[in-house]
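Working notes, structure below.
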Amino acid sequence: MIKEFVDVLVIGAGPSGCVSASYLYKNNVKVKVVEKTKFPRLVVGESLIPRVMDHFAEAELFEALDAMNFEKKLGARFIRGEEICTFDFSKKFGEGWDWTWQVPRADFDNTMAQEIVRKGIDLEFESEVLEVSFEGKKSKTIVKDKDGNLKEIHANFIIDSSGYGRVLPRLLDLDTPSKLDPHSSIFTHVKDINRPEGEEGTQISFDILETEVWLWVIPFSNGNTSLGVVGPTDFINSLSENKDNAEALKNAIQKSDYYIKRFAGTEFLFEPVKLENYSRAVKRMYGDGFALTGNSSEFLDPVFSSGVAFATESGMLAAKLYLKESQGIPVDWEVEFTQYMKRGIAVFTTYVQEWYTGNLQTLFFHQPENPDVKEKICAVLAGYVWNEENSFVKKHDHVIANMAYLLNMQKEQSPE
């Protein structure tokens with residue numbers, strides 16, 4: 001059996017894996033990436049948030065991505081009947097990027113993967129991890145390539161960026177139930193032949209069909225648009241008696257007063273994909289010789305597009321902490337990795353939960369708008385969830401519920 005020896009083995013070539021590998025490579029770490037699939041490949045998570053731009057820039061991937069001319073995302077729009085709430089990332093609390101991209105992930109991920117190959121990083125597609133064993137912090141990973149050949153990869157550290165493949169969580173029994181209620185989604189792409197001119201045609205929107213059910217509309221620069229419906233799993237399953245994903249998505253579009261004319265009868269570019277009970281969690285995010293990043297550890301919900309941001313945040317952090325440790329500097333992985341990531345995850349978890357209770361929607365659509373509140377919420381939606389100067393970060397566990405309660409009380413007491 002062929003044996004390879006590397007400093008770091010990265011499992012998965014999505015955003016988290018590419019950011020990790022690129023950062024390590026530029027710091028003279030011998031890194032190898034193995035990816036189970038062949039790129040380009042279809043994957044969900046097409047709306048980014050500004051925090052990811054920090055990571056792409058630091059990993060020296062920004063220029064290659066920017067050259068692709070993906071649709072710029074300057075904010076986000078939420079629609080509820082005739083009510084509309086729009087967030088502009090340039091009007092957020094605190095510092096940070098004020099734009100990002102809306103991307104067909106097949107093209108986006110492939111651009112990153114090809115860029116790290118161009119840099120000289122060893123990336124092996126269609127290679128599946130079969131087993132992993134540890135001796136102290138050192139690991140031996142058995143990989144099967146596309147021709148069925150087996151290989152031993154010996155590494156000082158593993159960064160598991162395998163996403164929904166969840167390689168180490170499966171092999172090491174690290175999965176645990178998510179704290180979030182079971183939700184599912186169905187999505188596809190369409191040729192957006194009825195797309196309006198200007199901002200209306202390019203703006204990402206979330207159309208609330210019911211308190212816990214919403215439609216996403218993500219326009220791409222190539223003329224296509226991603227359409228998806230999200231809701232409690234029982235509701236999503238009820239959209240088609242025959243469990244036909246295309247029928248279910250068409251029925252969801254029919255419920256949208258805002259988008260029915262634009263998308264009714266539009267041909268789907270591929271059979272709609274269903275992601276059922278997508279939220280994920282793990283018992284721990286690291287161990288001797290490994291760290292879990294991105295969706296291989298935690299995935300919350302697509303409503304605020306936090307998935308790629310947490311993937312790149314954790315991927316970059318894991319790479320930095322490994323580099324620090326390899327230089328003989330002590331690293332407290334519990335404090336510097338898990339507790340740090342959990343702080344940001346906790347903020348977004350609150351926002352997801354309060355979205356589905358309706359409390360956050362109460363704040364979004366309240367009139368007149370409170371500019372201070374909106375700026376602080378906007379910073380969270382942009383991904384700057386570690387900035388505790390923002391009271392809507394620091395007090396996330398009660399500020400939304402308390403403010404929604406007060407607004408509802410005022411509404412009840414106000415004269416008709």
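What you see is a predicted model; the values in this text were computed from it and never measured.
Considering Thr141, Asp122, Asp7 as possible partners of Lys32, the one that fulfils the side chain to side chain donor-acceptor pair (under 3.5 Å) test is Asp122. Residue Glu124 forms a salt bridge (Lys or Arg N to Asp or Glu O under 4.0 Å) with just one option from Lys146, Lys144, Lys151, and that option is Lys151. Only one option out of Ile153, Val167, Leu123 pairs with Val34 in a side chain to side chain contact (heavy atoms under 4.5 Å, CB included); it is Ile153.
For Phe70 and Phe220, the gap between ring centers reaches or exceeds 6.0 Å. Between Phe304 and Trp216, the ring centre distance reaches or exceeds 6.0 Å. Here the two rings, on Tyr322 and Phe290, have centers that are 6.0 Å apart or farther. In this structure, Tyr340 has its ring center under 6.0 Å from that of Trp386.
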Given ring pair (Phe, Tyr, Trp, His ring centres under 6.0 Å), test Trp97 with Phe62 step by step and report yes or no. CA-CA 13 Å; Trp97 286 73; Phe62 175 83; 5.6 Å; yes

For ring pair (Phe, Tyr, Trp, His ring centres under 6.0 Å), just list the numbers for Phe235 and His183, CA-CA rounded to whole Å, side-chain angles, deciding distance to a tenth of an Å, and then say yes or no. CA-CA 9 Å; Phe235 177 89; His183 283 73; over 10 Å; no

Please report the C-alpha distance between Ser240 and Asn242 in whole Å, then the side-chain angles of each, then the deciding distance to 0.1 Å, and finally whether the side chain to side chain donor-acceptor pair (under 3.5 Å) criterion is met. CA-CA 5 Å; Ser240 171; Asn242 303 317; 5.0 Å; no

Please assess His189 against Phe270 for the test ring pair (Phe, Tyr, Trp, His ring centres under 6.0 Å), listing each intermediate value before the final yes or no. CA-CA 7 Å; His189 293 172; Phe270 56 82; 5.0 Å; yes

Report the C-alpha separation of Asp98 and Leu74 in whole Å, then their side-chain angles, then the decisive distance to 0.1 Å, and conclude whether the side-chain contact (heavy atoms from CB on, under 4.5 Å) test is met. CA-CA 7 Å; Asp98 57 15; Leu74 306 178; over 6 Å; no

Check the pair Ser205, Tyr259 against side chain to side chain donor-acceptor pair (under 3.5 Å), reporting the backbone distance first and the verdict last. CA-CA 10 Å; Ser205 298; Tyr259 283 111; 3.0 Å; yes

Show your working on side chain to side chain donor-acceptor pair (under 3.5 Å) between Ser162 and Lys36 and close with a plain yes or no. CA-CA 9 Å; Ser162 57; Lys36 183 178 178 180; over 6 Å; no

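The pair Glu388-Lys395 fails the salt-bridge criterion, with no side-chain N (NZ, NE, NH1 or NH2) lying under 4.0 Å from an Asp/Glu carboxylate O. Looking at Asp192 and Arg262, a side-chain N of the basic residue comes within less than 4.0 Å of a carboxylate O on the acidic one, giving a salt bridge. A salt bridge does not link Asp288 with Lys137: none of the charged nitrogens is closer than 4.0 Å to a carboxylate oxygen. The pair Glu4-Lys30 does not count as a salt bridge, with every side-chain nitrogen at least 4.0 angstrom from each carboxylate oxygen. In this structure, Glu83 pairs ionically with Arg80, as a charged nitrogen and a carboxylate oxygen lie closer than 4.0 Å. With respect to Lys283 and Asp173, a salt bridge is recorded, a charged nitrogen being found less than 4.0 Å from a carboxylate O.
Judged by distance alone, the side chain of Glu336 and the main-chain N or O of Val331 form no donor-acceptor pair under 3.5 Å. Proximity of a side-chain donor or acceptor of Asn27 to a complementary backbone N or O of Val29 within less than 3.5 Å is not detected. Without hydrogens or angle criteria, Asp107 side chain to Val103 main chain gives no donor-acceptor distance under 3.5 Å. Remark: the backbone N or O of Glu60 is paired with a side-chain donor or acceptor of Lys119 at under 3.5 angstrom. A donor-acceptor pair under 3.5 Å is formed between the side chain of Ser314 and the backbone N or O of Ala311. In terms of modelled atom types and a separation under 3.5 Å, the side chain of Ser20 and the main chain of Gly315 share a donor-acceptor contact. Here the side chain of Gln102 pairs a donor or acceptor atom with the backbone of Thr202 at under 3.5 angstrom. At least one donor-acceptor pair closer than 3.5 Å links the side chain of Arg105 to the backbone N or O of Gly45. Between the side chain of Glu325 and the backbone N or O of Leu321, no donor-acceptor pair lies under 3.5 Å. For Lys376 (side chain) and Lys92 (main-chain N/O), no donor-acceptor pair under 3.5 Å exists by modelled atom type.
Interatomic distance, Lys324 NZ to Ile329 CD1, rounded to the nearest 0.5 Å: 6.5 Å. For the atom pair Gln410 CD and Leu406 CG, the distance stands at 6.5 Å (nearest 0.5 Å). Of the inter-residue distances, the one linking Thr111 atom OG1 with Leu65 atom CG reads 6.5 Å to the nearest 0.5 angstrom.
A 4.5 Å side-chain heavy-atom check between Leu363 and Phe392 finds at least one atom pair inside the cut-off. The closest side-chain heavy-atom distance from Leu249 to Thr188 is below 4.5 Å.
In this model, a donor atom of one side chain and an acceptor atom of the other lie less than 3.5 Å apart for Tyr384 and Asp54. Checked by atom type, the side-chain pair Glu46/Ser226 shows a donor-acceptor distance below 3.5 Å. With no hydrogens or angles considered, a side-chain donor-acceptor pair links Tyr286 and Glu334 at under 3.5 Å. In this model, a donor atom of one side chain and an acceptor atom of the other lie less than 3.5 Å apart for Lys274 and Asn237. Of the N and O atoms on the side chains of Arg284 and Thr338, not one donor lies less than 3.5 Å from an acceptor on the other residue. In the model, Asp397 has no side-chain atom that pairs as donor or acceptor with a side-chain atom of Thr350 under 3.5 Å. There is a side-chain donor-acceptor pair under 3.5 Å between Thr293 and Ser16. Glu276 and Ser184 share no side-chain donor-acceptor pair at under 3.5 Å. Counting only N and O atoms by type, the side chains of Glu35 and Thr37 include a donor and acceptor under 3.5 Å apart.
Geometrically, Lys72 engages Trp99 in a cation-pi contact defined by less than 6.0 Å to the ring centre and at most 45° from the axis. The cationic atom of Lys250 (NZ for Lys, CZ for Arg) does not lie both less than 6.0 Å from the six-membered ring centre of Phe263 and within 45° of the ring axis. For the pair Lys38 and Phe125, the NZ or CZ position fails the cation-pi test of under 6.0 Å to the six-membered ring centre and within 45 degrees of the ring normal.
Taking a 6.0 Å sphere around CD of Glu95, one finds it holds 12 or fewer heavy atoms contributed by other residues, nucleotides or ligands.
The aromatic rings of Tyr351 and Phe348 stand perpendicular to each other, their planes meeting at an angle above 60°, with 30° marking the opposite boundary. Ring orientation note: the planes of Phe78 and Phe206 are close to parallel, at an angle under 30° on the 30°/60° scale.
Here salt bridge (Lys or Arg N to Asp or Glu O under 4.0 Å) pairs that include residues 302-315, with residues two or more places apart or in two chains, are Arg51-Glu313.
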